[in-house]
Amino acid sequence: MGNVPSAVKHCLSYQQLLREHLWIGDSVAGALDPAQETPQLSGLPEYVKIVEVGPRDGLQNEKVIVPTDIKIEFINQLSQTGLSVIEVTSFVSSRWVPQVSKRLYGMGCYEISLGDTIGVGTPGSMKRMLESVMKEIPPSALAVHCHDTYGQALANILTALQMGINVVDSAVSGLGGCPYAKGASGNVATEDLIYMLNGLGLNTGVNLYKVMEAGDFICKAVNKTTNSKVAQASFNA
């Protein structure tokens, strides 16, 4: 079978492949470093900081009240994944984004997250917005927050990465939505974001499988199906 990985030779399930072979962000016995396996594409940051917003932005849009003990366990599980930032508790007309960003930066804000909270953006509009904002704010002080209503979130994030952004908001299982826009879907799924970043050879330090397990836990707790394509493919394999 030539150079076919041993995982394929032994017909391992996709879950086993995730646990033991590829796409795991930290050092685990038998795991390969994805950054070593996949050459990094030029023009992209070496490291991407993922800001997990599931416990706050994700759960605040759920119709059911999530018990405190469930929230605490959810956060505890996320804290074991390697995520360095977890949010645990605005929107503005696009015409005012550059001005508002400049004001916040001038007030001393070290990081300004630019959000497409209704998920209508495209790579083209993302590029134009960032070009406008970057005339006032350096990319090192910017982050992006993309919802996936029209399926454009990952493409928009990739555009932002290519323009020098290295901080990205996401929510495990694609939790969330926008209370101001009927039909707006949740945040980009953390699982899908990690999968893409690992495939690009970018370092996140996050364990994909542990994130999927945390997502599976909270989805069962609120009785909903995950919006993560990676989790759907993995747990249904």
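At distances below 3.5 Å, at least one donor-acceptor pair connects side-chain atoms of T159 with backbone N or O atoms of A155. Side chain of T226 to main chain of A231: no donor-acceptor pair is present (N/O by atom type, distance under 3.5 Å, no hydrogens or angles). A distance-only check finds a donor-acceptor pair linking the side chain of T81 to the backbone of L83 [under 3.5 Å]. Of the possible polar contacts, one joining the T190 side chain to the A171 backbone as a donor-acceptor pair under 3.5 Å is found. Judged purely by atom type and a 3.5 angstrom limit, S132 has no side-chain atom pairing as donor or acceptor with the backbone of R128.
Two residues are said to be in side-chain contact when any heavy atoms from C-beta on lie closer than 4.5 Å; E191 and L208 meet this criterion. Residues I194 and N207 have side chains not in contact (no heavy-atom distance under 4.5 Å, counting atoms from C-beta outward). Between L59 and I218, some side-chain heavy-atom pair lies under the 4.5 Å cut-off. Under the 4.5 Å side-chain criterion, counting only non-hydrogen atoms from C-beta, M212 is in contact with S234. Contact check for D57 versus H147: side-chain heavy atoms found under the 4.5 Å cut-off. With a 4.5 Å cut-off on side-chain heavy atoms, E111 and K49 count as touching. Side-chain contact check for M126 versus Q152: every heavy-atom pair is 4.5 Å or farther apart. Proximity of D192 to L154: side-chain heavy atoms (C-beta onward) are separated by under 4.5 Å at one or more points.
Summarising the geometry of E131 relative to M163, their closest heavy-atom pair is CG-CE, 3.6 Å, with the distance given to 0.1 Å. S170 and A189 get closest at one heavy-atom pair: CB-C, 4.4 Å. Here the closest heavy-atom approach between residue G54 and residue F74 is recorded as C-CE2, 4.1 Å. For the pair A214 and L78, the tightest heavy-atom approach, listed with the atom from each and the gap, is CB-CD2, 3.8 Å. Minimum heavy-atom separation, P139 to G164: CB-O, 3.9 Å. The two residues E87 and V53 come nearest to each other via the heavy atoms OE1-CG1, 3.5 Å.
Once rounded to the nearest 0.5 Å, the distance linking OH of Y47 with CG of L202 reads 11.5 Å. Rounded to the nearest 0.5 Å, atoms CG (D216) and OH (Y209) are 8.5 Å apart. Taking SG of C219 as the start and CG of L175 as the end, the distance is 5.5 Å to the nearest 0.5 Å. Distance check: N156 CG to L130 CG gives 9.5 Å after rounding to the nearest 0.5 Å. Here K135 contributes atom NZ and K102 contributes atom NZ; the two are 12.5 Å apart, rounded to the nearest 0.5 Å. Rounded to the nearest 0.5 angstrom, I112 CD1 and I137 CD1 are separated by 4.5 Å.
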**Request:** Give the C-alpha distance, both sets of side-chain angles, the deciding distance and a yes or no for side chain to side chain donor-acceptor pair (under 3.5 Å) between S113 and D169.
**Result:** CA-CA 8 Å; S113 184; D169 294 355; 3.0 Å; yes

**Message:** Using the rule given for side-chain contact (heavy atoms from CB on, under 4.5 Å), can you reason through V48 versus I165, listing the C-alpha separation, both sets of side-chain angles and the distance that settles it, and then say yes or no?
**Reply:** CA-CA 8 Å; V48 177; I165 305 299; over 6 Å; no

**Item:** Working for side-chain contact (heavy atoms from CB on, under 4.5 Å), residues E46 and N203
**Value:** CA-CA 6 Å; E46 293 183 1; N203 176 34; over 6 Å; no

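Connection of L193 to V167 is not established within any shared hydrophobic cluster, with ILVMFWY side chains joined at heavy-atom distances below 4.5 Å, either directly or through further cluster members. Taken together through direct or relayed side-chain contacts under 4.5 Å among Ile, Leu, Val, Met, Phe, Trp and Tyr, I65 and V222 form parts of separate hydrophobic clusters. V144 and V85 are members of different hydrophobic clusters when ILVMFWY side chains are connected at heavy-atom separations under 4.5 Å. In this structure, V133 is not a member of the same hydrophobic cluster as Y110, with clusters built from ILVMFWY side-chain heavy atoms closer than 4.5 Å. Under the 4.5 Å side-chain heavy-atom criterion for ILVMFWY residues, no single connected hydrophobic cluster contains both I75 and V51.
Ion pairing of E136 with R103 is absent here, as no side-chain N (NZ or NE/NH1/NH2) approaches a carboxylate O to less than 4.0 Å.
For the residue pair H145 and N187, a side-chain donor N or O sits within less than 3.5 Å of a side-chain acceptor on the partner.
Other residues, nucleotides and ligands place more than 12 heavy atoms under 6.0 Å from the CG atom of N76. Residue F217 places its CZ atom among more than 12 non-hydrogen atoms of other residues, nucleotides or ligands, all under 6.0 Å distant. The environment of K220 atom NZ is sparse: at most 12 non-hydrogen atoms of other residues, nucleotides or ligands sit within 6.0 angstrom.
Results of the side chain to side chain contact (heavy atoms under 4.5 Å, CB included) test with V188 over N227, I157, D116 single out I157 as the only residue that passes.
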